[in-house]
K.L.:
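Submitted below is the structure of interest, expressed as structure tokens.
Order of appearance sets the numbers: ligands from 1, and atoms from 1 within every ligand. Each residue takes its place number in the sequence, starting with 1. Computed over heavy atoms, backbone and side chain alike; hydrogens, waters and symmetry mates excluded.
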Amino acid sequence: MSEIKVIITADGSHSLLNEALDETYHSRHGAVQESEYVFIEKGVKFFIDSGQKESVSILEIGFGTGLNALLTANISEKKKINIGYSTLETFPLTEEIWSRLNYSTEKLLFNKLHSSAWNKWVEITSNFKLFKREESLQTANLGSQQFDLIYFDAFAPNKQPEMWEHAMLEKIEQSMKSGAVFVTYCAKGQLKRDLKSLGLVVESLSGPPGKREMVRAIKI
Ligand SMILES: C[S@@+](CC[C@H](N)C(=O)[O-])C[C@H]1O[C@@H](n2cnc3c(N)ncnc32)[C@H](O)[C@@H]1O
């Protein structure tokens, strides 16, 4: 596995630097701030608040530090809503790395997210079930009409272009239910054109601090 370093971002929260790619796992302007804004505010809260939802099925591309999973588990508890959270990851972090991350006062929950078994459903709390799939987006069978919400949190297109190829986005679009929402921190024109060509309704939203835009797309 490539060299991974813990770094501190501008809001005081940790992120990781993948030295081989020269790419961080989150915005250097603030890791927690970015995840809270892009995936929680514009993603899961938007989806829950847009209708009577009793449960939400989420697919994340890139489990990484587990920060998005942690923040989403907190929402499931707060809103008393059942969340099934599937996440793909090809390079699970070692405990030596994840145990140093400063994301939570609820260490028990964060530890449980990381130490739970891979490749099966695990009940993390009564409202939050986790399925960590040690599998690449390229090889994963995502099925058809499975998910309400996609957290697309891959490394940036200039660092890992194969994650953003049309065929990958098409596979994801097929896995989305009607009415499902796709969110990502990225706002590249090519991404927006590709999502539109797949029939999604694409919105450019203001980005988190330090970033002009982000993208949300809805399957109608
Ligand atoms: C931007 S980082 C992760 C962000 C993560 N959601 C977090 O909050 O830490 C991208 C993640 O995608 C993972 N990844 C890289 N290639 C992948 C692939 N082909 N399929 C699935 N995940 C991949 C990386 O190992 C990394 O953990």
K.L.:
Is there a side-chain contact between E134 and P92 in this structure, where contact means two heavy atoms from C-beta onward sitting under 4.5 Å apart?
P.N.:
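Yes, at least one pair of side-chain atoms sits under 4.5 Å.
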K.L.:
Determine yes or no for a side-chain-to-main-chain donor-acceptor pair under 3.5 angstrom, with Y85 supplying the side chain and F128 the backbone.
P.N.:
no
K.L.:
Rest of the hydrophobic cluster containing I8 (Ile/Leu/Val/Met/Phe/Trp/Tyr, side-chain heavy atoms under 4.5 Å)?
P.N.:
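Answer for I8: none, a lone residue.
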K.L.:
So what's ligand 1 close to, N/O to N/O, under 3.5 Å?
P.N.:
from: ligand 1; atom 1: 6 (N); to: E60; atom 2: OE2; distance (Å): 3.1
from: ligand 1; atom 1: 6 (N); to: G62; atom 2: O; distance (Å): 2.7
from: ligand 1; atom 1: 6 (N); to: N68; atom 2: ND2; distance (Å): 3.3
from: ligand 1; atom 1: 6 (N); to: D153; atom 2: OD2; distance (Å): 2.7
from: ligand 1; atom 1: 8 (O); to: H26; atom 2: NE2; distance (Å): 2.9
from: ligand 1; atom 1: 8 (O); to: T65; atom 2: OG1; distance (Å): 3.3
from: ligand 1; atom 1: 9 (O); to: H26; atom 2: NE2; distance (Å): 3.3
from: ligand 1; atom 1: 9 (O); to: T65; atom 2: N; distance (Å): 2.8
from: ligand 1; atom 1: 9 (O); to: T65; atom 2: OG1; distance (Å): 2.6
from: ligand 1; atom 1: 16 (N); to: T90; atom 2: OG1; distance (Å): 3.4
from: ligand 1; atom 1: 16 (N); to: Q160; atom 2: NE2; distance (Å): 2.9
from: ligand 1; atom 1: 19 (N); to: Q138; atom 2: OE1; distance (Å): 2.9
from: ligand 1; atom 1: 20 (N); to: L137; atom 2: N; distance (Å): 3.0
from: ligand 1; atom 1: 25 (O); to: E89; atom 2: OE2; distance (Å): 2.5
from: ligand 1; atom 1: 27 (O); to: E89; atom 2: OE1; distance (Å): 2.7
from: ligand 1; atom 1: 27 (O); to: E89; atom 2: OE2; distance (Å): 3.3

K.L.:
Going by salt bridge (charged side-chain N to carboxylate O under 4.0 Å, His left out), name the pairs with one or both residues in residues 107-117, residues two or more places apart or in two chains.
P.N.:
none
K.L.:
Flag the pair Y25 / F155 as yes when their ring centroid distance falls below 6.0 Å, and as no otherwise.
P.N.:
yes
K.L.:
Could you pull out all residues at least two apart from H114 that satisfy ring pair (Phe, Tyr, Trp, His ring centres under 6.0 Å)?
P.N.:
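Partners of H114 by the ring pair (Phe, Tyr, Trp, His ring centres under 6.0 Å) criterion, ordered by chain and then number, come out as F63, W98, F110.
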